[in-house]
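Atoms considered below: every heavy atom in the structure, side chains included; atoms not considered: hydrogens, waters and symmetry mates. Here the structure is a predicted model, which is why all the values come from computation and not from measurement.
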Amino acid sequence: MASQNMDPAASSSTAALKGNETGGSATKGSVTKRLQQELMTLMMSGHKGISAFPESDNLFKWIGTIDGAQGTVYEGLRYKLSMEFPSGYPYKAPRVKFITSCFHPNVDDQGFICLDILKDKWSALYDVRSILLSIQSLLGEPNNESPLNTAAAELWHNQEAFKAHLNSTYKN
């Protein structure tokens with residue numbers, strides 16, 4: 001049984017026989033098709049609070065937005081993210097980081113996110129929509145056991161103080 005994270009083109013002996021150039025363009029074509037499908041799915045889903053579109057005409061670089069979920073300290077705030085898709089997508093996770101400064105226990109000062117589905121728990125079954133929803137969920141439910149931002153993790157226990165700090169540092 002094939003692994004859901006194994007790229008069939010990479011493991012196929014026929015792909016190896018075709019040569020790197022042909023196999024590479026075929027792989028890029030399948031990634032392009034997948035990203036086009038994901039864009040259409042995301043646009044048709046009508047899910048409030050998340051969106052993403054390719055940056056200019058490059059389908060491998062997207063700009064995503066996430067609204068802070070209701071009932072969290074992030075409610076009413078909107079964050080921009082960059083999403084870069086490798087040629088091995090969906091078998092390799094995209095590189096996702098916050099463009100908008102985000103004070104959060106699992107986000108470092110450069111915008112990198114500590115989220116298992118973007119690292120060791122990545123699955124080819126994930127798509128842009130599920131990534132954005134996971135990050136939106138992470139905003140309200142951080143993993144304080146492995147913080148990238150220890151100051152945010154320590155302040156998280158006092159939601160009033162956290163929100164005050166968040167609002168004083170937020171720049172859209």
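- More than 12 heavy atoms of other residues, nucleotides or ligands shown are found within 6.0 angstrom of NZ on Lys97.
- Across Val128 and Glu38, no two heavy atoms sit closer than the pair N-OE1, 2.8 Å.
- Counting only distance, with no hydrogens or angles, the side chain of Ser137 and the backbone of Leu133 share no donor-acceptor pair below 3.5 Å.
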Residue pair Phe103, Tyr170: steps toward the ring pair (Phe, Tyr, Trp, His ring centres under 6.0 Å) verdict: CA-CA 8 Å; Phe103 183 71; Tyr170 175 79; over 10 Å; no
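- Considering every non-hydrogen atom in both Pro105 and Asn144, the closest pair reads CB-OD1, 3.2 Å.
- Looking at heavy atoms from C-beta onward, Gln159 lies out of side-chain contact with Lys163 at the 4.5 angstrom threshold.
- When all heavy atoms of Ser146 and Asn106 are compared, the pair lying nearest together is O-ND2, 3.4 Å.
- In this structure the side chain of Leu77 reaches within 4.5 angstrom of the side chain of Asn167, judged on heavy atoms.
- Counting all heavy atoms, side chain and backbone alike, Pro94 lies closest to Phe85 at CB-CD2, 3.7 Å.
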Can Tyr74 and His104 be said to form a ring pair (Phe, Tyr, Trp, His ring centres under 6.0 Å), step by step? CA-CA 10 Å; Tyr74 295 93; His104 187 275; 5.8 Å; yes
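- If you take CE on Met83 and CZ on Phe60, they are separated by 14.0 Å, rounding to the nearest 0.5 Å.
- Hydrophobic cluster membership differs between Phe112 and Phe98, with clusters built from Ile, Leu, Val, Met, Phe, Trp and Tyr side chains linked at under 4.5 angstrom.
- Residues Cys114 and Asn143 are not in side-chain contact: their nearest non-hydrogen atoms beyond the backbone lie 4.5 Å or more apart.
- With rounding to the nearest 0.5 angstrom, the CG atom of Leu166 is 7.5 Å from the SG atom of Cys102.
- When all heavy atoms of Ala52 and Leu132 are compared, the pair lying nearest together is CB-CD1, 3.9 Å.
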Residue pair Asp127, Arg34: steps toward the side chain to side chain contact (heavy atoms under 4.5 Å, CB included) verdict: CA-CA 9 Å; Asp127 60 6; Arg34 164 85 182 234; 4.2 Å; yes
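- Separating the CE atom in Met40 from the CG atom in Leu42 is a distance of 10.5 Å, to the nearest 0.5 Å.
- Within the 4.5 Å cutoff, no side-chain heavy atoms of Tyr79 are placed close to those of Gln136.
- Taking 4.5 Å as the limit, some side-chain heavy atom of Leu59 sits within range of a side-chain heavy atom of Gln36.
- For residues 126-147, every residue pair satisfying the ring-ring contact (aromatic ring centres under 6.0 Å, His included) rule, not counting sequence neighbours, is listed here: Trp122-Tyr126.
- Other cluster members for Ile99: Ile63, joined by side-chain heavy-atom distances under 4.5 Å among Ile, Leu, Val, Met, Phe, Trp and Tyr.
- With Ile113 as the partner, the side chain to side chain contact (heavy atoms under 4.5 Å, CB included) test is satisfied by one option alone out of Ile135, Asp108, Leu148: Ile135.
- Distance check, rounded to the nearest 0.5 Å: CG of Asp67 to OG1 of Thr72 gives 10.5 Å.
- Under a 3.5 Å cut-off, the side chain of Glu75 and the backbone N or O of Gly71 do form a donor-acceptor pair.
- Across Trp156 and Gly140, no two heavy atoms sit closer than the pair CZ2-O, 3.5 Å.
- A distance of 8.0 Å separates OG of Ser134 from CG of Leu118, quoted to the nearest 0.5 Å.
- Separating the CG atom in Leu155 from the OG1 atom in Thr150 is a distance of 11.0 Å, to the nearest 0.5 Å.
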